[in-house]
Amino acid sequence: MTTSTTTTTPEQRVTTLFKLLENGSNKQHIDGKMSQLDQALHVTQLVGKDGADPETLLAALFQDVGHVCPAPEGSAEADDEDEDKDEDAKSTIDYRMRGANYLRQLGFPKKTCDLVESDVMGKRYVAALVPMYEELISSASKELLKLQGGPFTPTEAQAFEKDPLFKEKVLLVNCNFAAKVTEDKPPALETYRGLTTSMLYRQFIENQQRESQANMELTKEELASLEKEYGITEKDL
């Protein structure tokens, strides 16, 4: 079962989400040097030091939530993709999509969800741009990169540079790499409870405002009816 935004408060959703993240403390990150939660906390700390906005900061914090969250009800996951794909690569793509879909259902901003989902593209770009990248990552990460398509071609890299979230996607990849060698102790998960809760409230208010604005917009037929019946034109509104 997933957590519905219509039956729970932002505080309740954050509590559920944080419990899932805490489960990540028992799961080892792919490089085997720390847990998934510790990796995410280190990356979040580095992203924050870079001055990233709250949406990007939370994308760093929730980057591995797809490993521990339930699949959102009704979501179209990678189960529908080509069954002949390598299972390891497919599994990694699945967890990113699952995590992003779960965050969308909780009510997080589009930017946060898109960044969680797009990790693979950022890694392929950095691998193409930095020749030493593949030599510096673990054998497990190297094999995974190969399964995910390997470094971008020059044409693919140029196309990726036009992505509206290009800078944020590259930042997350670079911070993930830097987190493997940092010795700083990151802030605890609870440090981000207030930010996460306020983000859900803010997104809820923005959605309500958009819906209200959409409901206030009159169709051409309705405007014509007002002008015919009462002499009221669009300029009068």
Using the salt bridge (Lys or Arg N to Asp or Glu O under 4.0 Å) criterion, which residues pair with [X]? Sequence neighbours excluded.
X	result
Arg193	Glu190
Lys110	Asp114
Lys49	Asp184
Glu156	Arg124

Would a distance-only check, ignoring hydrogens and angles, find a side-chain to backbone donor-acceptor pair under 3.5 Å from Asn101 to Met97? yes
For Gln63 and Asp119, which I'm curious about, is there any donor-acceptor pair between the side chains at under 3.5 Å? no
For a quick check under 3.5 Å, do Tyr201 and Glu206 share a side-chain donor-acceptor pair by atom type? no
Residues Val43 and Leu172: closest non-hydrogen pair is CG1-O, 4.4 Å
Residues Ala188 and Leu41: closest non-hydrogen pair is C-CD2, 4.3 Å
Taking atom [atom1] of [X] and atom [atom2] of [Y], what is their separation to the nearest 0.5 Å?
X	Y	atom1	atom2	value
Leu37	His67	CG	NE2	12.5 Å
Asp64	Cys69	CG	SG	11.0 Å
Tyr192	Thr44	OH	OG1	5.0 Å
Gln39	Cys175	CD	SG	10.5 Å
Cys113	Gln105	SG	CD	11.0 Å
Leu106	Thr8	CG	OG1	7.5 Å

For Phe166, the ring-ring contact (aromatic ring centres under 6.0 Å, His included) test, sequence neighbours excluded, returns Tyr125, Phe160
By ring-ring contact (aromatic ring centres under 6.0 Å, His included), Phe108 pairs with (sequence neighbours left out) Phe62
[Y] side chain reached by [X] side chain, heavy atoms, under 4.5 Å:
X	Y	answer
Glu134	Pro151	yes
Leu195	Pro54	yes
Phe177	Val126	no
Thr191	Pro186	no
Tyr102	Pro70	yes

Just to verify, what does [X] make a side chain to side chain donor-acceptor pair (under 3.5 Å) with, not counting sequence neighbours?
X	value
Thr56	Asp53
Gln45	none
Ser198	none

task = For side-chain contact (heavy atoms from CB on, under 4.5 Å), just list the numbers for Lys123 and Leu144, CA-CA rounded to whole Å, side-chain angles, deciding distance to a tenth of an Å, and then say yes or no.
result = CA-CA 11 Å; Lys123 286 194 296 186; Leu144 187 56; 4.2 Å; yes
Q.
With side-chain contact (heavy atoms from CB on, under 4.5 Å) as the criterion, how do Thr196 and Phe18 come out once you've worked through the C-alpha distance, each side chain's angles and the decisive distance to 0.1 Å?
A. CA-CA 10 Å; Thr196 307; Phe18 275 31; 3.8 Å; yes
Residues at least two apart in sequence or cross-chain that pass side chain to side chain contact (heavy atoms under 4.5 Å, CB included) with Ala178, listed by chain then number, are Leu46
Side chain to side chain contact (heavy atoms under 4.5 Å, CB included) filter on Pro109, not counting sequence neighbours, yields Glu55, Thr112, Met199, Gln203
Residue pairs passing the salt bridge (Lys or Arg N to Asp or Glu O under 4.0 Å) test with at least one member in residues 168-178, sequence neighbours excluded, are Lys111-Glu168, Asp163-Lys169
- Starting from the C-alpha separation in whole Å, work towards a yes-or-no answer on side-chain contact (heavy atoms from CB on, under 4.5 Å) for Val170 and Asn174. CA-CA 6 Å; Val170 172; Asn174 289 338; 3.4 Å; yes
Could you walk me through whether Val65 and Tyr95 pass side-chain contact (heavy atoms from CB on, under 4.5 Å), step by step?
CA-CA 8 Å; Val65 70; Tyr95 95 77; over 6 Å; no
*When you check the gap from the basic side-chain N to the acidic O, do Arg104 and Glu117 get nearer than 4.0 Å?*
yes
